[in-house]
Amino acid sequence: MSHEPQQQRRDPREPTAVGPVPGPPRGEGVEGRRGGTGRVSRDASADREEGPGFADRDGGERLDTGESRGGERAAKSRPGRTRPRRTGLRRAVPTWRTVLGVSVLFALVLLGGFVAGYLLVDIPPANSTATAQSNVYLYKDGTQIARDGEVNRQSVRLSQIPLSVQHAVLAAEDRDFYSERAVDPQAMVRAAWNTVTGKGKQSGSTITQQYVKNYYLGQEQTVTRKVKEFFIAIKLDREETKSGILEGYLNTSYFGRNAYGIQAAAHAYYGKDISAVDTAEGAYLASLLNAPSAYDVAAHPENRPRALARWNYTLDGMVTERWLPLSERATMIFPMPQTAGPASGLSGQRGYIVQAVEDWITSNGIVDEKTLARGGYRITTTLERKKQDAFATAVDRHVMSRRDPGRAADRNVRVGGASIDPASGRVVAMYGGIDYTKQYVNNATRRDYQVGSTFKPFVLAAAVENGSLTQDGRRITPNTLYDGTDRRQVQGRYGPTGYAPENEDNVSYGPVSLRLATDHSVNSVYAQLAQDVGPRRVRETAVALGVPEDTPDLTATPSIALGVATASVLDMAEAYATLANHGRHGTYTLVERITKDGMELELSETPARQVISREAADTTTSVLMGVVRQGSGMAALSAGRPAAGKTGTAEGDKAAWFAGYTPDLATVVAVMGQDPDTGVQKSLYGALGLPRINGGGVPAAIWGEFTAAALAGREAEDFDLTIAEGAEEGFYPPDEPGGPGDDLAGPGGGDGGTGEGRVDEGRSAGGSAPPSNGAGTGRATNGGTPADGRTPPAGGTTGGRPPTAGRTGGGSATGGPVGGTDEGGGAQGGGTRGATGGGVDESGPEGMGGTGGTEGWGVFPDGP
């Protein structure tokens with residue numbers, strides 16, 4: 001008997017117990033789905049009666065929730081319908097559910113990519129090419145001198161571009177610019193399709209996208225660049241105004257002829273600023289944006305039909321957009337652009353000018369060097385084109401045309417020049433060298449050549465300014481006597497200083513006035529004068545006049561008088577301009593105006609002030625007038641105007657100078673010697689076929705020709721001078737008893753002799769000058785007896801009237817102790833310097849030659 005509990009059978013009529021009802025066995029359920037004999041619950045039967053049942057794939061009935069895995073959720077999610085099985089090719093075609101799912105996924109990926117791209121791609125800094133511009137340099141009248149930099153671009157404000165030109169660009173490139181979004185996907189797709197189908201390569205980019213490409217990215221055709229362009233354009237459109245974007249686009253677009261930006265294009269095609277471009281010209285410039293090279297009808301005449309069609313398209317677009325009246329459009333004629341010229345470089349004088357102007361701007365703190373190098377500045381200089389051309393012409397005539405390729409010394413010749421308006425302080429002309437591309441260093445601004453005797457006027461001005469006295473207590477004026485003996489030791493307060501400079505060609509002059517010592521540029525006199533005035537005061541005066549304080553070798557020693565300092569030609573022109581301006585020093589400048597992006601920069605300006613007294617400046621001028629009138633600078637008389645000036649020669653004849661001025665213009669010219677290969681300074685001996693070049697020769701001749709041309713058409717003016725007391729160029733009436741001789745001292749330097757040439761330092765043009773009051777009595781030297789019987793002053797020199805214009809001529813003199821007559825101070829020509837004179841007595845001074853001159857001046861004793 002089994003003790004296992006027996007399973008009680010449940011009465012079917014009994015209610016079903018509450019709780020989960022176990023389903024049928026898995027196999028049984030499958031059989032049921034497949035149409036087997038599995039039992040179906042009463043509840044399931046009831047469900048089938050109440051609504052349509054579920055059919056499986058084989059047509060069998062599906063179990064209800066309580067008996068199958070699908071459960072009630074499956075029954076609710078799928079309506080009671082039969083879906084046929086997909087067979088054959090239909091199985092390869094995705095269902096609409098798949099397509100929808102993939103599309104949604106793709107959209108989500110795109111959206112995610114857009115968000116990621118927008119967040120990750122920032123607006124970058126502008127590329128270097130887009131920001132690089134040229135600095136434009138102009139003459140005072142606005143004509144262009146040069147453009148520096150490799151990129152021919154000059155940015156302008158949108159307000160400077162005529163509205164008609166702006167509309168022309170929009171009509172040609174993007175007519176919906178102000179109303180559209182930053183990017184136009186439809187246009188991009190259309191352009192891509194046209195490109196693929198062979199209808200022409202098109203970009204489909206908006207002006208904003210083109211600006212992004214020009215300014216922030218580059219021109220490479222890559223997917224990465226295109227993606228960046230897309231996102232940057234969107235961001236830029238949110239951060240920048242439409243006007244700002246259009247302005248940037250017009251300043252960065254390429255128009256052909258190496259012109260970047262519409263301002264450069266206006267100059268390249270029509271030779272004018274964009275502000276002066278009319279509607280027809282603007283339409284042509286706008287047409288170039290599509291294909292610059294193809295539409296340049298001057299460079300490619302065969303493309304005129306294409307260019308004309310594009311021009312008409314642009315103008316018609318303006319009419320369509322109501323930016324141009326139809327009546328005005330009908331009258332327009334195609335504006336033929338000018339022929340393309342050679343690239344504007346820095347050859348000739350242009351490079352020197354650019355270099356000097358940039359140095360002036362940076363040294364005066366207007367713009368720092370790095371900022372200026374970025375470009376974009378429009379710099380109007382003070383240079384005047386007529387005067388600039390006149391300088392180059394004068395140099396070509398007297399130097400460049402005389403150079404001989406077969407003459408070795410001619411390879412070393414350099415010329416520098418500068419000219420300043422004394423009243424305004426503006427540099428009106430500058431000559432830097434033969435060609436900036438051949439001789440890089442600017443000879444007008446370099447500071448490595450001694451200025452020589454052109455420094456001596458500063459010593460004289462310092463003496464008058466400070467009321468200086470000689471070592472023996474005499475007040476110094478231009479008429480003060482000094483010992484002009486060669487190699488004479490400079491005397492200080494406590495005796496000889498040990499400094500004994502040589503005179504040029506070792507000529508000894510004996511006692512000579514400062515006025516005549518200036519005419520003859522006597523080193524021994526001026527070294528003593530500097531000692532008497534005080535080298536420190538001399539230096540201070542030179543700096544006050546305009547010589548830079550940091551000039552090399554501007555040392556406070558007696559040698560300062562001989563011009564050992566190496567100031568530049570431009571520095572010396574500034575100092576001489578201050579003398580011409582009666583001692584008033586203002587702002588000496590090369591720049592009239594600077595603008596960038598339409599904004600004008602403020603230039604530093606120093607009010608003119610009196611740096612030395614008018615009497616000191618004008619007294620110096622009166623003495624320098626004698627240098628031109630009858631001294632070493634007579635070649636400057638070719639200017640045909642009252643002039644004052646001073647010659648100078650550097651040690652070893654490595655440079656020859658002439659510095660001079662009229663009331664209207666101060667100009668300095670220097671001829672320098674330099675080996676073109678090594679850069680070593682060289683002597684000018686033998687250059688230009690001359691034995692030597694001194695300041696009274698070629699430099700003075702250049703000065704005279706330039707000054708005459710620069711001032712042509714202006715009435716000549718006399719100097720208005722206020723001379724210090726006792727500094728007058730005095731002379732005695734011929735009948736005054738007891739006077740120091742009633743005749744002008746003539747060129748008889750020894751025991752008699754008649755001058756045969758025009759009286760000067762011995763470097764003037766030959767010729768006979770009429771005597772004043774008959775034959776003049778020459779000076780007796782070293783013990784010679786004067787014709788009037790008077791005893792000569794110490795040193796053996798009698799006084800005679802100082803030379804004045806119209807009172808020249810040789811006079812005979814009675815011989816010295818040995819007696820006899822000779823031709824003192826013998827005349828010499830051809831640019832040589834000889835030593836004749838003295839006659840039998842050999843006591844006459846050595847003659848000083850030049851271009852047919854004579855030597856032998858009487859001196860006027862110190863005034864009261």
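Both backbone and side-chain heavy atoms feed into the values below; hydrogens, waters and symmetry mates do not.
Counting heavy atoms from C-beta on, the side chains of V156 and N251 come closer than 4.5 Å. Taking 4.5 Å as the limit, some side-chain heavy atom of Y449 sits within range of a side-chain heavy atom of R446. You'll find the side chain of I594 reaches within 4.5 Å of the side chain of L603, heavy atoms only.
Judged purely by atom type and a 3.5 angstrom limit, N135 uses its side chain to pair as donor or acceptor with the backbone of G376. A distance-only check finds a donor-acceptor pair linking the side chain of Y284 to the backbone of Y295 [under 3.5 Å]. Remark: the backbone N or O of E592 is not paired with any side-chain donor or acceptor of T382 at under 3.5 angstrom. Proximity of a side-chain donor or acceptor of Q144 to a complementary backbone N or O of L138 within less than 3.5 Å is not detected. Proximity of a side-chain donor or acceptor of Y352 to a complementary backbone N or O of D435 within less than 3.5 Å is detected. In terms of modelled atom types and a separation under 3.5 Å, the side chain of S253 and the main chain of G261 share no donor-acceptor contact. Looking at N443, its side chain does come within 3.5 Å of a backbone N or O of G432 through a donor-acceptor pair. Panel note: side chain R175, backbone A171; a donor-acceptor pair is recorded below 3.5 Å. A donor-acceptor pair is defined here as one N or O able to donate and one able to accept, closer than 3.5 Å; no such pair exists between the side chain of S568 and the backbone of R447. Remark: the backbone N or O of S275 is not paired with any side-chain donor or acceptor of D273 at under 3.5 angstrom.
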Using a 3.5 Å cut-off and no angle test, enumerate the donor-acceptor pairs between side-chain atoms of residues 161-168 and protein atoms at least two apart in sequence or in another chain.
residue	atom	partner	partner atom	Å
S164	OG	T279	OG1	3.3
Q166	NE2	L158	O	3.2
Q166	NE2	I161	O	3.0

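The pair E247-R157 does not meet the salt-bridge criterion, since no charged nitrogen lies less than 4.0 angstrom from a carboxylate oxygen. E281 and K272 are joined by a salt bridge, as a carboxylate oxygen and a charged side-chain nitrogen come within less than 4.0 angstrom of each other.
Annotation: cation-pi geometry satisfied between R329 and W311 (NZ/CZ under 6.0 angstrom from ring centroid, within 45° of ring axis). Taking the ring centre of F177 as origin, the terminal cationic atom of K242 falls inside the region bounded by 6.0 Å and 45° from the ring axis.
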Are D421 and S424 close enough, and set up right, to give a side chain to side chain donor-acceptor pair (under 3.5 Å), and what steps lead you there?
CA-CA 6 Å; D421 179 354; S424 65; 3.2 Å; yes
Assess whether salt bridge (Lys or Arg N to Asp or Glu O under 4.0 Å) is satisfied between E173 and R310, documenting all intermediate values.
CA-CA 11 Å; E173 293 295 307; R310 183 69 179 178; 3.3 Å; yes
